[in-house]
Amino acid sequence: MNITSSFELDKVRKKPQPEAYEWWYYDAVDETKHWQIVVIFYDGCPFSPYYHKDQIRMPMDALARNHPAISISLYRYGKPVFYSMTEYAFDDFQIREAASPEDEYMISVGKNRLFFRMDREGRAFHRIELDERLPSGDALSGTLDFEGSLPRYFGDDRECQVKHQWNLTLPNADVKASLKLVSWEGVEVDINFKVKGYHDHNIGFEPMDREFEDWYWGRFHFERHTLVYYLMRHKGREEHR
């Protein structure tokens, strides 16, 4: 696993190899109001049964760009109150390039959009705009704003074609949430909080199971630092940092 901390590597990478994947992970926990949320944008969802079917039936044509998705998990008191794993068509995944780091870079999956930029002082700003409605009638909309300083640089930020890369860009972010949850009965709940949150970005140029069996990770927030750890079981050996 190649580990980096680079704003530039948060942008969409070219993935011409079959069976590649890429995702942008965000989470936030409000311990006072007992809300937890996880949002993941995918360009090539490695958990898609349709992607796996393509990999079996036509492996040379199983490309990430044909399998964008977004997953949203919202919990209250540790219990799910909204969950979606929605897969989209090729043309439902869009990107908008930025002329400079100060300009916003955009990724959209369906009606859901992700914006990020970095100012001259090295602070990164990420905004998620959600607009997801399930066939059941449940819906979640609103915004999540993540802001924080990038960790001290480490890793290789070149666009090298490593097999798997973990880009830690916002392990300790200030998060502001303004969301609306609508149930199928029509009950509306406004969700607002300001908390600490986390963002990272993963990319791989082959299926994950070819490289490792499983992967455990977690973090601890301290006043000025965040400790992030992982344990990965490769085929016949372990790796941890």
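Positions are given from 1, in the same order as the sequence printed here. In this text, all values refer to a predicted model and were calculated from it rather than measured experimentally.
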Asks: State plainly whether one hydrophobic cluster holds both Ile95 and Phe41, where clusters connect Ile, Leu, Val, Met, Phe, Trp and Tyr through side-chain heavy atoms under 4.5 angstrom apart.
Replies: yes
Asks: Among all residues two or more places apart in sequence or in another chain, which pass the side chain to side chain donor-acceptor pair (under 3.5 Å) test with Asp91?
Replies: none
Asks: Testing the 3.5 Å rule here: is there a donor-acceptor pair between the side chains of Tyr42 and Glu87?
Replies: no
Asks: Looking only at the side chains, is there a donor atom on one of Asn167 and Thr4 sitting less than 3.5 Å from an acceptor on the other?
Replies: yes
Asks: State, with a plain yes or no, whether a side-chain heavy atom of His221 is found less than 4.5 Å away from one of Val29.
Replies: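 Contact flag for His221/Val29 side chains = no.
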Asks: Of the options Tyr26, Trp24, Phe116, which is the one that meets His201 in a ring-ring contact (aromatic ring centres under 6.0 Å, His included)?
Replies: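 Running ring-ring contact (aromatic ring centres under 6.0 Å, His included) over Tyr26, Trp24, Phe116 with His201 returns exactly one hit, Trp24.
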Asks: Less than 4.5 Å apart, any side-chain heavy atom of Phe7 and any of Thr169?
Replies: no
Asks: Roughly how far, to the nearest 0.5 Å, is CG of Asn112 from OG of Ser84?
Replies: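 With rounding to 0.5 Å, OG (Ser84) is 7.5 Å from CG (Asn112).
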Asks: Evaluate Tyr230 against Ile3 for side chain to side chain contact (heavy atoms under 4.5 Å, CB included), listing each step before the verdict.
Replies: CA-CA 11 Å; Tyr230 81 93; Ile3 303 178; 3.4 Å; yes
Asks: With a 4.5 Å cut-off on side-chain heavy atoms, are Ile70 and Leu130 touching?
Replies: yes
Asks: Determine, using the 4.5 Å side-chain heavy-atom cutoff (strictly less than), whether Ile128 and Ile191 are members of one ILVMFWY cluster.
Replies: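 Yes; Ile191 is reachable from Ile128 via cluster members.
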Asks: Any chance you could measure Asp131, atom CG, to Thr143, atom OG1, to the nearest 0.5 Å?
Replies: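 Answer rounded to 0.5 Å: 12.0 Å.
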Asks: Is it true that a side-chain atom of Arg13 and a backbone atom of Gly204 form a donor plus acceptor pair closer than 3.5 Å?
Replies: no
Asks: Please tell me if the side chains of Phe82 and Leu134 come closer than 4.5 Å, counting only heavy atoms from C-beta onward.
Replies: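 The answer is yes; the side chains approach within 4.5 Å.
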Asks: Could you pull out the closest heavy-atom pair between Ile37 and Leu144, with the gap in Å?
Replies: CD1-CD1, 4.0 Å
Asks: For the NE2 atom of His199 and the CG atom of Leu114, what is their distance to the nearest 0.5 Å?
Replies: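 His199 atom NE2 to Leu114 atom CG measures 7.5 Å (nearest 0.5 Å).
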Asks: Can you check whether Glu211's main-chain N or O pairs, donor with acceptor, with His234's side chain at less than 3.5 Å?
Replies: yes
Asks: Per the side-chain hydrogen bond (donor to acceptor under 3.5 Å, both in side chains) rule, which among Trp166, Trp217, Tyr25 passes with Asp200?
Replies: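 It is Trp166, the one option of Trp166, Trp217, Tyr25 that forms the side-chain hydrogen bond (donor to acceptor under 3.5 Å, both in side chains) with Asp200.
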Asks: Taking Lys196 first and then Asp174, would you say they form a salt bridge - that is, a charged N and a carboxylate O separated by under 4.0 Å?
Replies: yes
Asks: Taking all atoms of both residues into account, what is the closest heavy-atom pair of Gly110 and Tyr88, and its distance?
Replies: CA-CE2, 3.6 Å
Asks: Any non-hydrogen side-chain atom of Phe205 less than 4.5 Å from a side-chain atom of Gln165?
Replies: no
Asks: Can you measure from OG (Ser141) to NZ (Lys180) and round to the nearest 0.5 angstrom?
Replies: 7.0 Å
Asks: Is any side-chain N of the basic residue among Lys15 and Glu22 closer than 4.0 Å to the acidic one's carboxylate O?
Replies: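 Salt bridge flag = yes for Glu22 with Lys15.
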Asks: Do we see a donor-acceptor contact under 3.5 Å between the side chains of Ser6 and Glu8?
Replies: no
Asks: Do you reckon Tyr75 sits in the same ILVMFWY cluster as Tyr198, going by side-chain contacts under 4.5 Å, direct or chained?
Replies: no
Asks: Hydrophobic clusters here meaning ILVMFWY residues chained together by side-chain heavy-atom distances under 4.5 Å, can you tell me if Val12 and Met106 are in one?
Replies: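 Val12 does not cluster with Met106.
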Asks: Would you call Glu206 and Gln17 a side-chain contact if the rule is heavy atoms closer than 4.5 Å?
Replies: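 The answer is no, as the side chains (C-beta and beyond) never meet within the 4.5 Å cut-off.
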Asks: Would you indicate whether Glu31, at its atom CD, is surrounded by more than 12 heavy atoms from other residues, nucleotides or ligands within a distance under 6.0 Å?
Replies: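 Check fails, neighbour count at 12 or below.
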Asks: Of all heavy-atom pairs between Asp43 and Ala64, which one has the smallest distance, and what is that distance?
Replies: O-CB, 3.5 Å
Asks: Please give me the minimum heavy-atom distance between Tyr51 and Leu63, naming the atom from each residue.
Replies: OH-C, 3.6 Å
Asks: Please determine whether a side-chain nitrogen of the Lys or Arg among Arg233 and Asp214 lies less than 4.0 Å from a carboxylate oxygen of the Asp or Glu.
Replies: yes
Asks: Which atom pair, heavy atoms only, marks the closest approach of Trp184 to Ser136?
Replies: CB-O, 3.1 Å
Asks: Before accepting this row, confirm whether a basic side-chain N of the pair Arg127/Glu104 lies closer than 4.0 Å to the acidic partner's carboxylate O.
Replies: no
Asks: Stepwise, does the side chain to side chain contact (heavy atoms under 4.5 Å, CB included) test hold for Glu129 with Lys111?
Replies: CA-CA 8 Å; Glu129 296 182 354; Lys111 294 182 179 180; over 6 Å; no
Asks: Between Lys176 and Lys194, is any pair of side-chain heavy atoms under 4.5 Å apart?
Replies: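 The answer is yes, as the side chains (C-beta and beyond) meet within the 4.5 Å cut-off.
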Asks: Could you measure the distance from the OG atom of Ser149 to the CG atom of Asp119? Nearest 0.5 Å is fine.
Replies: 8.5 Å
Asks: Mind listing the closest non-hydrogen atom pair of Tyr21 and Gly44 along with its distance?
Replies: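 Shortest heavy-atom separation between Tyr21 and Gly44 comes out as CB-O, 3.2 Å.
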Asks: Rounded to the nearest 0.5 Å, how far apart are CD of Glu19 and CE of Met60?
Replies: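 Rounded to the nearest 0.5 Å, the CD-CE separation comes to 9.0 Å.
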Asks: Step by step, would you call Asp145 with Phe125 a side chain to side chain contact (heavy atoms under 4.5 Å, CB included)?
Replies: CA-CA 7 Å; Asp145 288 291; Phe125 302 84; over 6 Å; no
Asks: Consider only side-chain heavy atoms of I, L, V, M, F, W and Y, link residues closer than 4.5 Å, and tell whether Trp215 and Ile40 are in one cluster.
Replies: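 Hydrophobic grouping puts Trp215 with Ile40.
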Asks: May I have the step-by-step check of side chain to side chain contact (heavy atoms under 4.5 Å, CB included) for Leu9 and Ile203, ending in yes or no?
Replies: CA-CA 10 Å; Leu9 292 183; Ile203 184 169; over 6 Å; no
